[in-house]
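What you see is a predicted model, and the numbers here were worked out from it, not measured in a lab.
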Amino acid sequence: MSAIISSPTSRPATKLLSNGTFIVFVIFVVLLGIYAVTQPGALSTSDIRDQLNNTLPLALAAAGGTLVVLTRGFDLSVAGVVALADVLVATQTGEGPLGALAGLGIVLAVGLVVGAINGYLVAYLRLQSIASTLATMIICSGIALLVLDAPGGTVSDFISYSLTGAVGDVVPVAAIIAGVVLIGWLLLRRTNWGHGLYAVGADETAAALAGVATRRVKFLAYVLAGMLYGVAGMMLCALTANGDPNVGTSYLLVVFAAIAIGGTTFSGGRGGIAGTLIGAATLTLLQKVLFSVGVSSFYTGIGQGIAMIIAVLVGGASSHFARGGRS
Amino acid sequence: MNASSHKSAPLTPARDGASTPVTAVDNRGSNRRGLSSEAFTFIVLLGLIAAMILLSPLVSPSLGGLDQIGAILILSSFLIVVAFGQQMVVLVGGLDLSVASTMTLGGILAFSWMSDSSAALVWTIPVILALTACVGALNGLGVTMLKVPPFIMTLAMGIVVYSVCLGYTGGTPRGQASPYLAQLFSTRIGGVAPILILMFVLIVAASLLQARTAFGRKLYAIGTSPVAAFMAGLKVKRLTIATYAISGAAAGLAGILMVGYAGGATLVMGQPYLMPSIAAIIVGGTSILGGRGIYPNAVAGAVLLTTFSTIISALQIAEAWRTIIYGLLILIAIMALRDEIYMWAGRFKSGSR
């Protein structure tokens, strides 16, 4: 156990393999190669930007989910919070930069509140994470319907263009947001909280005995996760330029697929957000690739499902070997 | 989910070692202690259902009658069937997210194969159940042999099966609902719909399978501690695969029954049953981490959720409020069961490592 807990800070090459990030990166590059060959204009700046924009909402939501999965929990409330943030941005924000700032404040607050409720239920009341977040998910979807009962609403041009555009027509804003999340994660991982996150996921009893404030660590994981879901909802709203109270359901399961493909194990304590971001990009790209190589749209699901299993298998096998054959 | 991590731990099998009787006694003891609190849960759930039905005439005068109770029970039957499979999988520490698609597969095949001949009914039902059981067994194989996390394995299988349904039907299911299936719901035997008699038999059989057979008891042992179960000589992999196969067949059966009730099949017919199948067993006190929960309570959970959604759909309020109230009900139910979770948590800490 101690080897697993300390792995984030020891032996960089092994670390790369054991958290699955490297493997999923290879899979991603291979897919990108296939896509570039089969789809003309695949690597143009605008296509790359579209690709990043399409990936970002899923990537942010999955990044949040990763924090919870690292503690050996499941957060289903992602579907509810994404939908709620989406409709709030579509109905409650004004024009211009101030409107965007207000939108960001709203979605962060919503994510914080829902995350704090989840965290309280799971960390302090010790309820099963799937059960309590299922309930909060349903409640949030209900509130989303209350805000907007059918797809509609509008998003200010400022939000829509600035979030999906590019700085100086070169660096996509989506890439910057993803970069900020990644850097934030790399910094947080080095804090006591970050170490505690892995310790709690690997063995909660041992972590508590070692002096980790397990409740606070878990609570914070849910809160940060909720805030990331909120931002994901805002990004989604900017992308589609309207609000949809039912948008969350399509996210629920894909988020966990992205986490798993990114090399974070559901038994807790291994993985991280870096892998998840690439996992989300891989999933989004996979759909494009299946389309571009001419798989009938009826059957793309078969390819998607099988690819998901293979990606998890490859990631699992590589981490198995990286840890010297111990499983 | 944590089962996979336990299972993959390096072990020396001690199939006939001295540890066997100790583990067995240990397990039986803890289950017997748990049984009384499970009986308590059952009584609480029944009380809640009764209270809801008694109070329902306040919501709408048409509610609360015997006919209404019969209608709610009939409506519950699909969830009751799906929840059985879900619970079997959860008992061994798994989760089945493919039930929605498997239910759709069962429904679509029943719709397109049966038409109105009784001869077709005789061969299609076993064939569909076998096929859906195979889908479940594939889940089980992936989880046990390839060590894919249940969440991902069944999620991927759900996507694959849905895609097959989509391709097979070309987007629009065509066929004819069997009139014999429809009669399960439309006729009455001594004032009771045949489906309710069938459900009663199924529930009794399923409960006995869980509580009174060696197969059922072994599942609790696996869910409580896969390592101990393995050391005690249980065929953990084979038993786990069996639970997934049962879940597949149960979802398939629910799909077949649904065709009789709705008179048709759609590509999304299973979707409304995925989350409720998990909610029903959780409300019924099943631990999502395995080893804890009994089927009668899951049935009570399913009836409770169906009763509740039937009553609130009669309320003249927006869907948004209905959804919020539904979520609150689940939250209240799991908070009410908190003490048991505490107990379970204590046992997990002392027993798992």
Side-chain angles (χ1 to χ4, degrees), chain A residues 1 72 74 76 80 121 125-132 134-147 149 203-206 208 245 249 252-254 256-257 259-261 265-269 296-309 311-313 316 320 326-327, chain B residues 1-6 8-10 95 97 142 146-153 155-164 166-168 170-171 271 275 278-279 282-283 287-289 318-335 337-338 341-342 345 349 352-353:
Chain A
M1 273 310 143
R72 202 188 255 197
F74 275 100
L76 303 183
L121 293 173
L125 293 188
R126 293 184 154 273
L127 295 177
Q128 300 180 30
S129 62
I130 288 194
S132 16
L134 175 68
T136 49
M137 171 192 91
I138 295 174
I139 295 171
C140 286
S141 323
I143 300 175
L145 279 169
L146 210 57
V147 174
D149 59 1
D203 188 335
E204 193 173 341
T205 313
T249 33
L252 181 56
L253 299 179
V254 198
F256 291 98
I259 294 170
I261 290 179
T265 56
F266 287 172
S267 48
S296 148
S297 64
F298 281 156
Y299 291 109
T300 45
I302 297 181
Q304 235 181 313
I306 292 172
M308 264 169 64
I309 295 174
V312 172
L313 279 179
H320 177 84
R326 291 181 300 118
S327 61
Chain B
M1 269 136 284
N2 70 337
S4 56
S5 75
H6 281 304
S8 55
L95 190 70
L97 297 177
L146 300 179
K147 298 206 176 2
V148 181
F151 202 101
I152 291 299
M153 186 64 217
L155 168 60
M157 184 61 75
I159 297 173
V160 169
V161 170
Y162 177 79
S163 177
V164 168
L166 193 66
Y168 178 74
Q271 214 55 48
M275 284 302 153
I278 299 171
I282 288 173
V283 167
S287 164
I288 204 80
L289 295 167
E319 192 200 340
W321 284 110
R322 273 188 257 141
T323 312
I324 295 172
I325 296 173
Y326 191 78
L328 284 173
L329 173 86
I330 295 177
L331 196 57
I332 292 168
I334 55 172
M335 301 248 295
L337 289 164
R338 190 151 56 98
I341 312 287
Y342 266 123
K349 261 186 200 160
S352 95
R353 272 165 212 268

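- Across B:Ile324, B:Ile330, B:Ile325, the residue that shares the most heavy-atom pairs under 4.5 angstrom with chain A is B:Ile324.
- Proximity to chain B involves both the backbone and the side chain of A:Ile143, based on heavy atoms less than 4.5 angstrom apart.
- When all heavy atoms are compared, the tightest approach of B:Ala320 to A:Gly142 is CB-O, 3.4 Å.
- Interface remark: B:Leu329 contributes no atoms to any contact with chain A (heavy atom separation under 4.5 Å).
- With a 4.5 Å cut-off on side-chain heavy atoms, B:Ile334 and A:Gln128 do not count as touching.
- Put simply, OG1 on A:Thr265 and CD1 on B:Ile152 are 11.5 Å apart, with the number rounded to the nearest 0.5 Å.
- Counting heavy atoms from C-beta outward, A:Leu121 and B:Met335 have side chains that approach closer than 4.5 Å.
- A distance of 8.5 Å separates CD1 of B:Ile282 from OG of A:Ser132, quoted to the nearest 0.5 Å.
- Contacts with chain B were tallied for A:Val254, A:Leu134, A:Thr249, A:Leu76; A:Leu134 has the most, counting heavy-atom pairs under 4.5 Å.
- Heavy atoms closer than 4.5 Å to chain B are found nowhere in A:Ile259, neither backbone nor side chain.
- Between chain B and the options A:Ala131, A:Ala260, A:Gly80, heavy-atom pairs under 4.5 Å are most frequent for A:Ala131.
- Classified by interplanar angle (parallel below 30°, tilted 30° to 60°, perpendicular above 60°), the ring pair A:Phe256/B:Phe151 is tilted.
- Between A:Gly305 and B:Ala156 the shortest heavy-atom distance is O-CB, 3.4 Å.
- A 4.5 Å side-chain heavy-atom check between A:Phe74 and B:Ile288 finds every atom pair outside the cut-off.
- Of all heavy-atom pairs spanning A:Ala257 and B:Leu155, the tightest one is CB-CD2, 4.1 Å.
- The CG atom of A:Leu127 sits 7.5 Å away from the CG atom of B:Leu331 when rounded to the nearest 0.5 Å.
- The shortest distance between side-chain heavy atoms of B:Glu319 and A:Asp149 does not fall below 4.5 Å.
- Smallest separation of non-hydrogen atoms from A:Ala135 and B:Gly327: CB-O, 3.6 Å.
- Contacts of B:Ala318 with chain A are absent, with no heavy-atom separation under 4.5 Å from either backbone or side chain.
- Between B:Ile159 atom CD1 and A:Ile306 atom CD1 the span is 11.5 Å, to the nearest 0.5 Å.
- You'll find the side chain of B:Met275 reaches within 4.5 Å of the side chain of A:Leu252, heavy atoms only.
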